[in-house]
There are 2 protein chains.
Amino acid sequence: MDIREVARTAGVSIATASRALNDRAEVSPATRQRVLEIAERLGYQPNISARTLVRRRSDTVGLLWDSAPIRRGRSQRFLQDLLVGTKMALDEAGLHLMLLSMRDQSRDAVARQARAHSLDGLILMGVDPHTAAIEPLIDSGVPTLAFDLELHGPAASWVGSDNRAAAASAVDHLADLGHRRIAMIGGPATMLPAQNRLLGFLERMRQRGLEVPPGYVLEGDFFQDSGAGAMRGLLALPERPTAVFAASDEMAIAAMGVALDAGLSVPEDVSIIGIDDLESASLVRPALTTLAQDHWALGRALVHCLAEIIERRRADPHGELPAQLPVLLPTRLVIRDSTGPAPR
Amino acid sequence: MDIREVARTAGVSIATASRALNDRAEVSPATRQRVLEIAERLGYQPNISARTLVRRRSDTVGLLWDSAPIRRGRSQRFLQDLLVGTKMALDEAGLHLMLLSMRDQSRDAVARQARAHSLDGLILMGVDPHTAAIEPLIDSGVPTLAFDLELHGPAASWVGSDNRAAAASAVDHLADLGHRRIAMIGGPATMLPAQNRLLGFLERMRQRGLEVPPGYVLEGDFFQDSGAGAMRGLLALPERPTAVFAASDEMAIAAMGVALDAGLSVPEDVSIIGIDDLESASLVRPALTTLAQDHWALGRALVHCLAEIIERRRADPHGELPAQLPVLLPTRLVIRDSTGPAPR
DNA sequence: TTGAAAGCGCTAACAA
DNA sequence: TTGTTAGCGCTTTCAA
């Protein structure tokens, strides 16, 4: 069932059938109508490969998601949520989604995959900023948008939550509750969100005149074990904090578990706040206070930017693109039961 | 940079270049070597659309995942895990993954998409068994494998956990701890896993001589709210159960929350066991005892079956396929802190 | 407004 | 072992 069959049945040429099917202007209403009806009746479905081959665009976006951490047993909940949000947004934009793998580790593997599949654009999530693959990708000029990864290039940009502001809100929330000894369990120093969360934390602590004693800032890796380990360190301190801000819900929940197991009450003895708003956050007892990242909004924002770059590229393949600014979305403070007034 | 360029540079015909690139036997080692080197040097990357068009296969599998529940705010953690497991397995099998959407609700939308993209196979997850789209899909003859959905056809089959055995294990575990008043919060009656979990529960209860009083079997929908609601019902019973088996971790965790909020101790007053082994299960306090579904193994099993059907199809496009049997994988009892000896 | 024809980049049948 | 050639199904000039 191809376009030839449709054309023959409708008694027109293939060219005309194509024009009608693609809603081109130069075809007469009557003809268009007839072709469309016949295509419908015959169950005609255009062959995407043929179309992509000749149009040199696929209406498909590739998504690169480094699954190595998951392979090592770390779950990356948040990225999974992000994936869902992004998929929805792509659906709305009429773009297909191809999941790419990072198995091929060669420098330009990604750019090559993009070319091979005639991908219109690329999305990066959970990709290490030091991956050698990024530079050739930027150079290739394929429209690319990343989550939480500073990407700058002629057709590249990035989207993320405003982590600095988020961390500041966390400090504000705790400080407003009367806490003065506030510790932070940070993320890996190489990652942008971790950097900004730390920055926002330190900044706001200073602004509010709160000290950060030695040992009060620990580096985790966003995953539970590191959160638990850090919390044990915090509890062993001669003067332990009355509140802890963890740079991920996963670490926050693990930290809370350690506190509970140590016989402390949360939030009576120690308040804990996370960031992400994973589903687990509302499931655990006490339910976790956290800064919610809106993965739907992030997905939409990303797809929006990407679609715009693609559109611009199409309109003028070699023109200058206006510099793309990163989009930073606000987080939302969700107060649950793991934070309360400072003890005494 | 196309195959013509490679051929010209190597001083051979396009056909020979193609043969060398595709590792065909009829090409001389010297020629092959030369072509490969030149392709490498030129950064040649075959155009997938062109290849798909002529070969009529794409080495790509489509994954259909009904995101409507997520759109309604239900998370489907387990499917997300399954997606990850499946993606890994596909990578290993050298298959690309295309995420399909169910936006187009017409009966044969899926089969059409499969044809349009020349997809080699299809994976269904979280798809309602009553969806009208399934029948035309089966009829279309596209190799299709589903999770937790009885699919039978010339090139279709399915994979899932052995839910009946899983439920039986749950009963055994609780009964071994001395529980006699065991209730169950089931899943939606239309869904296969829910049916089998209920069946396994009732069967094993009978086998062990345990009664199931009226009101002891409640129907939920796998999501948290229904678990909480059901638990409230159970606690309101004149003689409340000492143990509850919930047909999903999400319901189990919510049920546990209700019990805790009602001032009961878990597992001292009531034991709770779930099924899935979501990440949250190990995060909540008390940590949830559950029956773990191995999503990696499920993914691998599914991809294995699918690849086999695809292979067979290729070898003999119109031959009879041997009847595919569904693959049922065992679950694993993970004993944590939410189950304990029966009270008194 | 329509049709004829070229060609997107590749594979594979056939011939040499 | 290699080359010539005919398409795969579609879009898009160009001419009518």
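Here the structure is a predicted model, which means the values were calculated and not measured. Note on naming: letters A, B, ... go to the chains in the order of the sequence lines (proteins, then strands), and numbering restarts at 1 for each one.
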Specify the separation, in whole Å, of atom CE of A:M1 and atom P of D:dC10. 10 Å
What is the distance from CZ of B:R115 to P of D:dC8, rounded to the nearest Å? 16 Å
Give the rounded distance in Å between these two atoms: CD of A:E26 and P of C:dT2. 10 Å
Using atom CD1 of A:I3 as one end and atom P of C:dT2 as the other, report the distance to the nearest whole Å. 14 Å
Counting only heavy atoms not in A:R314 (residues, nucleotides, ligands), do more than 12 fall under 6.0 Å from its CZ? yes
Show the nearest heavy-atom pair for residues B:L329 and B:A301, with the distance to one decimal. CD2-CB, 4.2 Å
Any A:M125 side-chain heavy atom under 4.5 Å of A:L63 side chain: yes
Would you mind telling me which of B:L192, B:L145, B:L124, B:L325 makes a side-chain contact (heavy atoms from CB on, under 4.5 Å) with B:W158? B:L192
Does A:R51 make a side-chain N or O approach to OP1 or OP2 of D:dT11 shorter than 4.0 Å? yes
C:dG7 P sits how many Å from B:L53 CG, rounded? 17 Å
So do B:M98 and A:T60 actually touch side chain to side chain, heavy atoms under 4.5 Å? yes
side-chain N/O A:N47 vs D:dC8 OP1/OP2, d < 4.0 Å: no
For B:R34 and B:E37: C-alpha separation, side-chain torsions, deciding distance, then whether salt bridge (charged side-chain N to carboxylate O under 4.0 Å, His left out) applies. CA-CA 5 Å; B:R34 188 154 36 92; B:E37 268 172 26; over 6 Å; no
Do A:R115 and B:Q45 pair up side chain to side chain, a donor and an acceptor below 3.5 Å, judged on atom types alone? no
Which atom pair, heavy atoms only, marks the closest approach of A:A156 to A:I138? CB-CD1, 3.6 Å
Which of these nucleotides, C:dG9, D:dC10, D:dC8, is closest to any side-chain atom of A:P46? D:dC10
Taking only the side-chain nitrogens and oxygens of A:R24, find out if one of them lies under 4.0 Å from OP1 or OP2 of C:dT1. no
Close N or O pairs between protein and nucleotides 3-5 of chain D (under 3.5 Å):
residue, atom, partner, partner atom, Å
D:dG3, OP2, B:S13, N, 2.8
D:dG3, OP2, B:S13, OG, 3.0
D:dG3, OP2, B:T16, OG1, 2.8
D:dG3, N7, B:R19, NH2, 2.6
D:dG3, O6, B:R19, NH1, 3.0
D:dG3, O6, B:R19, NH2, 3.4

Could you check which of C:dC10, C:dC8, D:dC10 has an atom nearest any side-chain atom of B:A50? C:dC10
Taking only the side-chain nitrogens and oxygens of B:S18, find out if one of them lies under 4.0 Å from OP1 or OP2 of C:dT11. yes
Whole-Å distance separating the CD atom of A:E5 from the C1' atom of D:dC10: 15 Å
For B:H117, what residues pass the ring pair (Phe, Tyr, Trp, His ring centres under 6.0 Å) criterion, not counting sequence neighbours? A:H96
For A:S28 and for B:N22, locate the closest nucleotide of DNA chain C by heavy-atom distance; then report the residue assigned to the nucleotide nearer the 5' terminus. A:S28
Rounded to whole Å, the OH-P distance (B:Y44 to C:dC10) equals 3 Å
With the threshold set at under 4.0 Å for non-hydrogen atoms, list the residues of residues 30-42 of chain B touching DNA chain C in residue-number order. none
B:N47 side chain reached by A:S118 side chain, heavy atoms, under 4.5 Å: yes
Taken to the nearest whole Å, CZ/B:R4 to P/C:dC10 is 9 Å
